[in-house]
Amino acid sequence: MSVAKTSIKAKIAKVLSVRHLNDSTFVVRFERGDFQFEPGQYLALGLKGKIQKREYSIYSAREDDFLEILVKEVLDGDVSKRLKTLNPGDELEVQGPFGYFTIDEKKKEKHIYFIASGTGISPCHSLVMSNADLKFTMLHGVRTADERYDMMDYSKGNYVACTSREGTGDFYGRVTDYLNKANIKTDAAYYICGNSNMIYDVFDILKGAGVPQDQIHTEVYF
Amino acid sequence: MKYHVITLGCQMNLSDSERVTTVLDQMGYTYTENEDEAQVVGILACSVRQKAIDKVYSRIHKWNKRKDKDNLITFLSGCILPSDKEKFLKLFDIVFQMSELQKLPEIISQYGIVTPAALKQEFSFGVNNELSTFWNIDPKYASKFEAYIPIQNGCDKFCTFCAVPYTRGREVSRPSNEIISEVERLVLAGYKSITLLGQNVNSYGLDKKGEEISFAQLLDAIGQVGDKYPNKKFWVYYTSPHPRDMTNDVIDVMAQYQCIAKQVHLPVQSGDDKMLIKMNRKHTMQTYHGIIDYIRLKMPEATIFTDIIVGFTGETDEQYANTKKAVADIKYNMAYIAMYSQRPGAVSSRWADDISMEVKKQRHHDLTQELGKHTEVYNKMLVGKTVDVLVTHPDRKDGFLSGHNEGKQVIRFASNDHTLIGNFVKVKITSSTPFSMQGELLKVHQSVDLKLV
């Protein structure tokens, strides 16, 4: 019997560590090799020899000599459960990079508002960590304070946690509630990443405030 | 020894099937329409609809029952979801991707059935087993005048309604020298219509990161093949491009060469920006309109086709109205309108299919009516004009032949002369309907080559 292989030669990478951020969310760090990417892009990843693959935004910076992804365990998921129990030395198959959620030089001159929900912060983290001079505000929608993943990586005052289920963040409510009360700058660039309903609502608020569409960038998480 | 291949799904699968049958023919097998008398039976599967998957299960259970009394080898290829593949590996003897096609003779030979191929020790199709070498296999084209050339396989776009990235894998471009050679061979063999195939044809070359030419450069090279043989009339099409990668230089090249057909099939899927986000299409209506404007500027004569999904998860009346407005604004020459249905393995299959069938049907009907209003106006403008038509088949209407013009619009005319099939003729358009035209045959094109018919 012939077992079909993947259509593109996947890179094999060894796991370096798994860092748990709370009960369900963790960062998988693995070998980078010669993998090149633009911050904001994603990769497809699975366990070596397993058919199932999933897409994850790259969490680490362009200059890091390793790759990282931010993963939330999906209860009925297949890949994320396996990733959670990885050990250093385990092997992964990595394909990519893919995607267009990147920042060009012209946009870097503007103030950038990242608006992310949950693990949708992952590509924004990579963008911030790869661009030291970026003028940005990170608006992060989470349910509870323990989902403020690596908040210390963002300079003080640039990170705003909107907690929807408890008042322990910087703002009690959803990111949309925050934006509805905020003075929205029409000359800024907006990078939105998360579930499509959040993106829809933010999109409406920004367009309603007069932000030109070519200054709004989206990446849908599923 | 006989084989039978069942091909399900899209044009990509048909093209792949042509290459599979070539390999089996070269092994010494002969094709049979009757699967019950075949010793090698296979399926080119499609995962777009559950119905197609069900067909695969139904066939393999039947074939596996037949194995109790017959010596039978079963194989499966095409678009297969990872979750289905694990199950199929237990049911089929051989499951392979198209990139592994060259190994098929070797694998079949190992099954112990004596075939001419199994007896020939040095049997080989190529010099190596590189993943892309299946493209080198000269296909047995199903038609003598229309050919489909795969230039790229897989998809990196991850539209939420589609499972192709999971079934065919990531984008891999075929070497450009092979494509250009294949086009030239076909032109010299008298082919009149050549379609470059790929899930996202215009992202051709991007996966090679600078080591391969771009899609615009590929079209340019193909255009030069046309210039090299000015007495050979043929039209080159491509399908489907993605708006995200549709650059002006592609349109510039199309405008430059006579052999590149002035027809663009540019899937929009929805005319609403928020729906496009949910579909993960990576283009906005603003950028899409920009492309259309440039096409109209550089090639005013070009026809524009599209694909549209109505009733996608959560589509509101207002969002549908935006799609209808896009159809009215752009005035497509043709739109393939699909009512949304969940596709196994696609991201959107995890979301509720919450638009009722009644609403989907109503939107489908309404949009078809809207489309018809604009195609009718365009088609009427052609009445009285003389156009080149590639005759493709006998029409359903007795005593008529059917074909299409350069813009891929259907045109029929009265004739019983089936030798015209596969040739260019001049037709004067005499009447039109929203989706077809009728005309009278004026003359057979000068470059007609009746030997091929």
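Chain A is the first sequence line, chain B the second, and so forth, proteins listed ahead of strands; every chain is numbered from 1.
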Peer 1: Could you check which of Leu81(B), Ile277(B), Ile80(B), Thr160(B) has the highest count of heavy-atom pairs closer than 4.5 Å to chain A?
Peer 2: Ile277(B)
Peer 1: Against chain A, label Met275(B) side chain, backbone, both or neither, depending on which of its atoms sit under 4.5 Å from a heavy atom there.
Peer 2: both
Peer 1: Within 45° of the ring axis of Tyr159(A) and under 6.0 Å from its six-membered ring centre, is that where the NZ or CZ of Arg148(A) lies?
Peer 2: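 Ring-cation test returns no.
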Peer 1: Once salt bridge (charged side-chain N to carboxylate O under 4.0 Å, His left out) is applied, do any residues pair with Arg143(A), and if so which ones, sequence neighbours excluded?
Peer 2: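 Salt bridge (charged side-chain N to carboxylate O under 4.0 Å, His left out) check on Arg143(A) returns Glu147(A).
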Peer 1: For the pair Phe96(B) and Phe75(B), name the ring-plane relationship: parallel under 30°, tilted 30 to 60°, perpendicular over 60°.
Peer 2: tilted
Peer 1: For the pair His111(A) and Tyr113(A), name the ring-plane relationship: parallel under 30°, tilted 30 to 60°, perpendicular over 60°.
Peer 2: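 Correct class here is tilted.
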Peer 1: Pick whichever of Asp204(A), Asp78(A), Asp214(A) has the most heavy-atom pairs under 4.5 Å with chain B.
Peer 2: Asp204(A)
Peer 1: Let me know if Tyr200(A) has heavy atoms under 4.5 Å from chain B in its side chain, its backbone, both or neither.
Peer 2: both
Peer 1: Quick one: what part of Tyr42(A) sits under 4.5 Å from any heavy atom of chain B, side chain, backbone, both or neither?
Peer 2: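 Contact with chain B is through the side chain of Tyr42(A) alone.
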Peer 1: Does atom CD (Glu63(A)) have a neighbourhood of more than 12 heavy atoms from anything else shown, all under 6.0 Å?
Peer 2: yes
Peer 1: Given a strict heavy-atom distance threshold of 4.5 Å, which part of Lys274(B) is in contact with chain A: side chain, backbone, both, or neither?
Peer 2: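 Its backbone and side chain both get close to chain A.
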Peer 1: Name the region of Ser77(B), side chain, backbone, both or neither, that has any atom closer than 4.5 Å to a heavy atom of chain A.
Peer 2: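 For Ser77(B), there is no contact with chain A at all, as no heavy atom is under 4.5 Å.
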Peer 1: Less than 4.5 Å apart, side chain to side chain, heavy atoms only: is that true for Thr323(B) and Gln319(B)?
Peer 2: no
Peer 1: Measure Glu55(A) against the heavy atoms of chain B and call it side chain, backbone, both or neither at under 4.5 Å.
Peer 2: side chain
